[in-house]
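Have a look at the structure below, then the notes.
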Amino acid sequence: MLFLNSGMRSLSYGAAIFFSAALLFWIQPLIGKVLLPALGGGASVWIACLAAFQLALLIGYLWSAALAKLPQLWMQCILHAAVVSCAFWQLPPQTDWPQITASHAPVLETWRHIGLRYGLLLAVLATTSPLLQHWYARSFPQRDPYFLYAASNAGSLIGLLIFPFYLEPSLALPIQATLWSAGAVAFAAFLALAGVQSMRSNASSTDTLKPGTSIAWPQALRWVGFSFLAASLLSGFTEYLSRDIAPVPMLWIIPLGLYLLGFILAFSGDRWKLLPWMHRITRYFTPVFIITASLLPSDLLMIALWLPLFFACCCTLLFRLRLEAPEAGHLTIFYLCLALGGVLGGGFNAMLAPILFNGTPEFSLVLALSLLALPKETQDKAPVPEFRWLWPAVLLLIIVCMEWLLRNTLQPYLADNWLMGFRLGVLFLSLKWCMEYRRVPAQCVAMLLAACIGMQIGICFDQNILFRARNFYGALKVSQDWQGSFHTLQHGTTSHGKQNMTETEGAAPTPLSYYHFSGPAGEAVALFRESKPSGMRAGIIGLGAGSMNCLMKAGESVDFYEIDPMVIRVAGDPRYFTYLRDCPPKTRVIEGDARRMLAESGAHYDMMALDAFSSDAIPIHLLTREAVTLYLSLLAEDGMLLVHVSNRYLSLPRVLNGHASALSLKIVERFDNGGNSVKGKEASHWVVLTRSEALIAKLKERGWVLPGGEAVDWTDTHSALWSIWR
């Protein structure tokens, strides 16, 4: 009989846990992709989703802990079967976009919609691993149940990897939802099999697992703390990775996959072979990252270099968790503490960090704190220096004073050079401390936190930074050059507009950066205006500094669509930019997600421009075929759609070329390297889509060409980032 075969019984537990984990990490990126358009398509959407998933995990683990308190295992099985049956009313998972007011408490709105649409399904799947480990421990009291957690994370990793590499490029979201529902039914069958086998194994026993000792609250706090740090590292590095490329599942899975791999290694038998390497990488490279993060660009090379550090820090924390894992009787409480730490870590990055910090230093801060997880037995015994707690305070004072002195006594370009040398000196000092006093990691952490905090305070002394703030949509900064002539708006790591503030006050300023009259945008608008002698009405998606307002003439009108209220505030403040105040057209700024606001507006435009980017990341829902169809429905028959496609990593013209073929449009592109003839002008790449043969002919005469490369078709339910990677 199957139920009498212990090997098959173990297999049924592993299969149910593996299946539930794969389904859980398949649906997570699917949910993120569904919610992205409703929240503006920014990188922070996935951070909010991660926090919501951690909350669902906590609820699931709470349910597991509550069930484990019941003396009769058959009671646990029946109650859990009832909850699973209720969860199945949410099948299939919804794939339509929810209506979310993105500008008001977007994190809480994200959590609310995930809870209403998918919450019970997520919680039931999250419950499976700790609950079945508890059942397994009761059925096989002499065996270690923690190996099943490695099976759980292996299933999670597989479910996570198949989404961007197979499911996303091959299947539309509604089809995926149907397949996922079929997988949920199969999971329910495995779960029922494990439950029946558990009841048969414990039919004659009502005893629960008897823990030998109670859990002290410092031990529980350590579990929560280590889990908090690991979850915060995951959220921080995900934002660091995706803010400059695109907030899409293909990039989300890289840090999450490494995080899961760390769990697999921590709960497997070979973890001890990796411990020394993980500890060395964590100890020696954490100071390097903290000091150089503010000096080096977050390009693909730097991201690739820091991936091993992120993985090593996660492994250090997760190995420490496994090292302190309790006996099977406290298993559900242990997982409950892990889930609580995950909620706190994800919530810190999603909700508190944008309030506490103007920049994005939380990843560096948590990296420094992760040194506390280094176990004592791996540290060399070195003499503890006297007054060791005085050094971090001295270092902090030195850094703040030097930052203030250099920024206020030297011209900015000289100050930057001196500051770089000074920070490298701090890096050397931090490394020396970590290598010499490894027996006292708390002092190492204090030194690194002092360095990190000192540089964050020092940035406030930079007289060239006029404005700095951060919200759900990203980090915004307005800076001026050392002469005070040019103001630049920077979103994340990318410039989003520039203005020469020395031009005559009250006169229409010259649009700079990507929008100069001699650049592709200015040229396309001027040529299109020739067919509109009485003036035109324009709709522009993405406000930036408001530069495109000055491409228009008196008597014309412009509607800007901008989702970020902070950008609207900065662009409208004449202390920073005057494009909205001094340029001649009639201007209106509409707050909210452009696609939703356009669909509700019923407006009519002669020209539309798409220039909505957060840092270098692209809001994919504004580039799909359905989005372009919406723009065309609002455009005149001979209208022009102008799209800014400058990007360091992605070939966006290939997507627009696919839409042009599908919608019978004409398309041309032009790249302008900026040249040196105009100060403040920058290289840019633009694409024009139109039905007008005459406009295309004029543009081709000026050097505009047909896009190269294979055309790619993106829709609301089907898009893949890898297809347009440069």
Side-chain angles (χ1 to χ4, degrees), residues 2-3 8-28 30-31 52-95 114-139 145 148-149 151-153 155-156 158-159 176-203 208 331-332 335-336 338-339:
L2 174 64
F3 297 118
M8 292 300 294
R9 281 191 287 173
S10 298
L11 181 61
S12 68
Y13 289 102
I17 290 175
F18 181 91
F19 226 86
S20 68
L23 288 171
L24 184 61
F25 280 81
W26 172 2
I27 199 174
Q28 287 184 14
L30 187 149
I31 292 171
F53 299 148
Q54 295 281 6
L55 185 59
L57 202 68
L58 176 61
I59 294 171
Y61 285 7
L62 276 170
W63 176 244
S64 298
L67 285 179
K69 296 295 183 182
L70 296 176
Q72 297 282 359
L73 197 142
W74 64 266
M75 296 171 62
Q76 299 180 24
C77 293
I78 291 176
L79 283 175
H80 192 57
V83 172
V84 172
S85 300
C86 292
F88 272 41
W89 284 101
Q90 290 188 322
L91 292 178
Q94 298 182 49
T95 57
I114 290 178
L116 293 175
R117 286 175 157 227
Y118 318 99
L120 200 51
L121 282 172
L122 292 171
V124 163
L125 292 172
T127 302
T128 305
S129 180
L131 184 61
L132 262 65
Q133 287 181 64
H134 171 74
W135 291 354
Y136 181 86
R138 290 191 59 168
S139 300
L148 290 172
Y149 198 53
S152 171
N153 285 284
S156 302
I158 291 175
Q176 288 191 49
T178 302
L179 289 176
W180 193 93
S181 301
V185 173
F187 151 73
F190 282 116
L191 181 63
L193 180 61
V196 171
Q197 291 174 340
S198 296
M199 287 189 291
R200 292 171 75 94
S201 299
N202 292 268
T208 57
L331 183 145
T332 54
Y335 286 128
L336 188 60
L338 262 64

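Atoms considered below: every heavy atom in the structure, side chains included; atoms not considered: hydrogens, waters and symmetry mates.
- Side-chain contact between His80 and Leu191 is present, with heavy atoms from C-beta onward closer than 4.5 Å.
- Phe88 is listed as a side-chain neighbour of Val185, based on a closest heavy-atom distance under 4.5 Å.
- With hydrogens and angles disregarded, no donor-acceptor distance shorter than 3.5 Å links the side chain of Thr127 to the backbone of Ser64.
- Between the side chain of Tyr118 and the backbone N or O of Gln94, at least one donor-acceptor pair lies under 3.5 Å.
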> Does the pair Leu120 and Cys86 meet the rule for a side chain to side chain contact (heavy atoms under 4.5 Å, CB included), with working shown?
Replying inline: CA-CA 8 Å; Leu120 200 51; Cys86 292; 3.9 Å; yes
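- Inter-residue side-chain proximity for Gln28 and Leu24 is flagged as met; some heavy-atom pair is nearer than 4.5 Å.
- Ile114 is listed as a side-chain neighbour of Leu122, based on a closest heavy-atom distance under 4.5 Å.
- Partner Phe19 forms a ring-ring contact (aromatic ring centres under 6.0 Å, His included) with one of Trp26, Phe190, Phe187 and no other, that one being Phe190.
- The shortest distance between side-chain heavy atoms of Leu30 and Trp180 does not fall below 4.5 Å.
- Here the shortest heavy-atom pairing between Ser181 and Leu91 reads OG-CD2, 3.8 Å.
- Among Leu67, Leu336, Leu57, the one residue that satisfies the side-chain contact (heavy atoms from CB on, under 4.5 Å) test with Leu62 is Leu336.
- The shortest heavy-atom contact between Ala123 and Ile59 is CB-CG2, 4.3 Å.
- Distance check, rounded to the nearest 0.5 Å: CG of Leu121 to CD1 of Ile31 gives 8.5 Å.
- Contact between Tyr61 and Ala126 at its shortest, heavy atoms only, is CE1-O, 3.1 Å.
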